[in-house]
Amino acid sequence: MSDKLWGGRFTAKAAEWVDEFGASIHFDQKMAAEDIEGSLAHVKMLGKQQIITADEAQKITEGLELLQQDLLNGQLTFDVKNEDIHMNIEALLTEKIGSVAGKLHTARSRNDQVATDFHLWVKHRLPHVLDALDELQHELVQLADKYSHTVMSGYTHLQHAQPITYGHYLLAYFEMFQRDYERFEFNQKHTNILPLGAAALAGTTFPIDRAFVAEQLGFNQIYHNSLDAVSDRDFALEFLSNSSILMMHLSRMAEEMILWSTYEFNYIEISDDFSTGSSIMPQKKNADFAELVRGKTGRTFGSLMALLTTMKALPLAYNKDMQEDKEQVFDVMDTVLASIKIFTGMLNGLTVHEERMLESTTHDFSNATELADYLATKGIPFREAHAIVGQLVLQGIQQNTALQDMSLEVLQQAASVIDEDIYQVLDAKVAVDRRVSLGGTAPSNVQNEVQRALKILQERTL
């Protein structure tokens with residue numbers, strides 16, 4: 001006869017290596033606190049509904065609270081023979097209080113129990129992701145405010161395009177992370193649903209009170225379909241999807257920080273705290289932590305694809321395949337929280353070379369659009385103006401002369417409508433101030449964007 005808690009109808013024991021393969025305790029023990037938390041609410045409900053006696057409920061509650069304390073003190077030891085965290089906790093509870101512990105499993109299954117634990121685990125940690133993003137956004141706003149007038153070259157196709165300000169650039173990432181924040185906020189809605197009460201797949205014959213358990217555990221909703229309750233992992237997929245988009249945003253910024261900290265760019269310097277050296281080349285200062293975040297993006301994408309692939313063809317309701325859901329989420333949660341913290345620290349210690357940024361706009365022809373726009377205001381059709389300026393740029397490249405360094409005579413040979421005011425138009429700082437951005441705001445006046453961002457951040461605390 002099997003020695004498993006579920007082994008009543010089995011006549012043989014599995015080989016040890018088979019047990020090892022099927023067990024999940026080596027990773028799902030991360031949910032020990034949530035398993036005890038869910039069990040405390042469940043037994044309280046069993047007692048309230050008189051499904052078990054008040055004395056039995058009290059004994060089980062006291063036993064669970066002792067396990068809770070042991071867990072906090074690091075004194076719980078789990079056994080692979082008990083497969084998962086749920087059966088390990090029940091076995092430990094039995095050691096504490098005897099056979100009455102077996103009544104804890106009344107009116108529930110491991111299927112709805114594991115789903116509840118998983119919901120609770122993610123539910124408890126999403127606020128930490130939101131807090132970390134909030135700190136990162138605060139750091140970006142402070143930097144954007146500080147460098148609101150720092151002119152640099154903006155890029156398209158990684159080629160110099162038009163002058164912008166570093167503050168405007170930083171706030172582009174604020175907007176990306178704001179969308180990430182909103183996605184994780186919404187993720188809470190689908191995480192904050194109680195599966196407990198669905199039992200294995202078809203509910204239970206006991207007169208349970210699911211609303212009571214939901215209230216005890218802080219869930220806003222309950223699942224309305226028992227099949228869906230035990231088989232839904234959308235909340236986990238949403239978390240992995242949201243994390244993948246967030247990590248993509250961090251990876252894009254990491255790439256720019258890596259490039260911009262090179263000798264060739266020298267726009268920024270990452271602090272020593274977030275850099276490493278070389279074992280052979282004494283001069284090296286490598287942006288290793290930015291590179292590592294960039295690398296961990298692939299790890300996160302892989303976790304999303306792994307769980308999507310696991311879920312894509314599963315019939316209702318629960319299947320053992322779904323044991324593969326947690327390791328991905330556990331790992332990505334650690335990755336995301338660490339990556340956000342690394343970026344917040346890197347930005348906080350960043351050195352910005354403002355003069356080098358401005359210098360990058362002086363001989364790069366990024367003011368060519370300003371000249372084309374100027375000609376258009378003089379009545380020349382824009383397509384014709386574009387061609388005229390293109391020829392001037394070619395001439396400037398051949399003669400190693402920037403547009404603003406060309407004589408008025410040379411410029412007027414290309415277009416007689418050009419006047420002396422063109423030199424002010426071609427100045428990078430003036431160009432940035434004149435240009436109108438979305439909402440009719442000049443991007444150099446980053447204060448408008450900063451105020452908008454601060455308002456978003458402040459409204460979170462209301």
Side-chain angles (χ1 to χ4, degrees), residues 4-9 22 24 28 31 34-52 57 60 64 83-87 89-90 101-124 126 186-240 307-308 310-326 328-329:
K4 304 292 186 184
L5 293 178
W6 43 258
R9 59 97 68 208
S24 59
D28 69 13
M31 301 192 302
E34 285 74 21
D35 194 75
I36 296 171
E37 180 185 0
S39 290
L40 281 167
H42 182 66
V43 73
K44 190 172 183 180
M45 181 274 296
L46 292 177
K48 183 184 82 72
Q49 296 297 102
Q50 298 181 354
I51 297 171
I52 61 176
I60 294 171
L64 287 169
E83 296 185 20
D84 56 34
I85 189 57
H86 326 296
M87 291 200 298
I89 293 296
E90 186 173 335
K103 294 203 171 187
L104 172 61
H105 207 59
T106 307
R108 76 176 180 183
S109 162
R110 276 194 297 172
N111 293 357
D112 61 343
Q113 187 179 355
V114 65
T116 300
D117 290 0
F118 200 18
H119 273 265
L120 279 171
W121 193 92
V122 177
K123 170 182 160 65
H124 288 160
L126 283 176
F186 188 77
N187 195 179
Q188 291 182 120
K189 179 180 179 181
H190 291 155
T191 304
N192 214 359
I193 311 175
L194 175 69
L196 206 62
L201 77 162
T204 176
T205 58
F206 291 97
I208 61 174
D209 185 345
R210 299 185 67 212
F212 175 81
V213 177
E215 182 181 354
Q216 292 293 304
L217 294 174
F219 283 107
N220 292 340
Q221 303 177 61
I222 59 176
Y223 277 91
H224 299 293
N225 183 284
S226 59
L227 290 168
D228 184 41
V230 296
S231 62
D232 172 35
R233 294 297 183 269
D234 289 359
F235 70 99
L237 287 166
E238 281 184 4
F239 169 72
L240 294 176
L307 187 53
L308 282 170
T310 296
M311 297 298 297
K312 75 174 183 64
L314 291 187
L316 295 176
Y318 183 82
N319 299 271
K320 186 69 167 177
D321 315 48
M322 293 165 70
Q323 183 171 292
E324 291 295 302
D325 57 358
K326 293 164 209 63
Q328 314 296 340
V329 172

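Just so you know, these numbers come straight off a predicted model, no measurement behind them.
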> Quick one: does any side-chain atom of K123 pair with a main-chain N or O of G218 as donor and acceptor, under 3.5 Å?
yes

> Given 3.5 Å as the limit, does a donor-acceptor pair link the side chain of D28 with the main chain of I85, or not?
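A pair under 3.5 Å: yes.
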
> Looking at F239, is its backbone amide N or carbonyl O close enough to the side chain of N187 to form a donor-acceptor pair, meaning the two atoms are under 3.5 Å apart?
yes

> For a 4.5 angstrom cut-off between non-hydrogen side-chain atoms, does V114 reach D84?
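Sidechains of D84 and V114: no contact.
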
> Verify, without hydrogens or angle tests, whether R210 (side chain) and Y223 (backbone) share a donor-acceptor contact under 3.5 angstrom.
yes

> Compare every heavy atom of H190 with every heavy atom of H119, then report the nearest pair and how far apart it is.
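Result for this residue pair: CE1-O, 3.6 Å.
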
> Does NZ belonging to K44 count more than 12 external heavy atoms closer than 6.0 Å?
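Atom NZ in K44 is not crowded, with 12 or fewer foreign heavy atoms closer than 6.0 Å.
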
> Using a 4.5 Å cut-off on heavy atoms from C-beta on, say whether the side chain of K326 contacts that of W121.
no

> Under 4.5 Å between any side-chain heavy atoms of L217 and E37, yes or no?
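Counting from C-beta outward, L217 and E37 do come under 4.5 Å.
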
> What I'd like to find out is whether the side chain of S231 reaches to under 4.5 Å of the side chain of M311, using heavy atoms alone.
no

> Would you please test V213 and I222 for side-chain contact (heavy atoms from CB on, under 4.5 Å) and show each step?
CA-CA 9 Å; V213 177; I222 59 176; over 6 Å; no

> So, taking the atom named CZ in F118 and the one named CG in D232, what distance separates them when rounded to the nearest 0.5 Å?
10.5 Å

> If you take all heavy atoms of D112 and A198, which pair is closest and at what distance?
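It is OD2-N, 3.5 Å.
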
> Can you name the closest pair of heavy atoms from L201 and V230 and give their distance?
CA-CG2, 4.2 Å

> Is any side-chain heavy atom of R108 closer than 4.5 Å to one of S39?
yes

> So which atom in G38 and which in L196 form the shortest heavy-atom distance, rounded to 0.1 Å?
O-CD2, 4.5 Å

> May I ask you to check whether over 12 heavy atoms, not counting those of K312, lie within 6.0 Å of atom NZ?
no

> Any idea which heavy atoms bring I193 and K189 closest together, and the distance?
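Distance-wise, the nearest heavy atoms are CG1-O, 3.6 Å.
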
> Restricting to non-hydrogen atoms, name the atom on A107 and the atom on H42 that form the minimum distance, rounded to 0.1 Å.
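Looking at all heavy atoms of both residues, the shortest contact is O-CE1, 4.0 Å.
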
> Give, for atom CG of L64 and atom CD of E90, the distance between the pair rounded to the nearest 0.5 Å.
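Going from the CG atom of L64 to the CD atom of E90 covers 10.0 Å.
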
> Counting C-beta onward and ignoring hydrogens, is there a side-chain heavy-atom pair between K48 and Q216 closer than 4.5 Å?
no

> Determine whether D228 and H224 make a side-chain contact, defined as any pair of heavy atoms from C-beta on separated by less than 4.5 Å.
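Contact flag for D228/H224 side chains = no.
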
> Starting from the C-alpha separation in whole Å, work towards a yes-or-no answer on side-chain contact (heavy atoms from CB on, under 4.5 Å) for H86 and H105.
CA-CA 10 Å; H86 326 296; H105 207 59; over 6 Å; no

> D325 versus T310: any side-chain heavy-atom pair under 4.5 Å?
no

> Other residues, nucleotides and ligands only: do more than 12 of their heavy atoms fall within 6.0 Å of CD on Q221?
yes

> Quick check for you: to the nearest 0.5 Å, what is the distance between D117 atom CG and R110 atom CZ?
12.0 Å

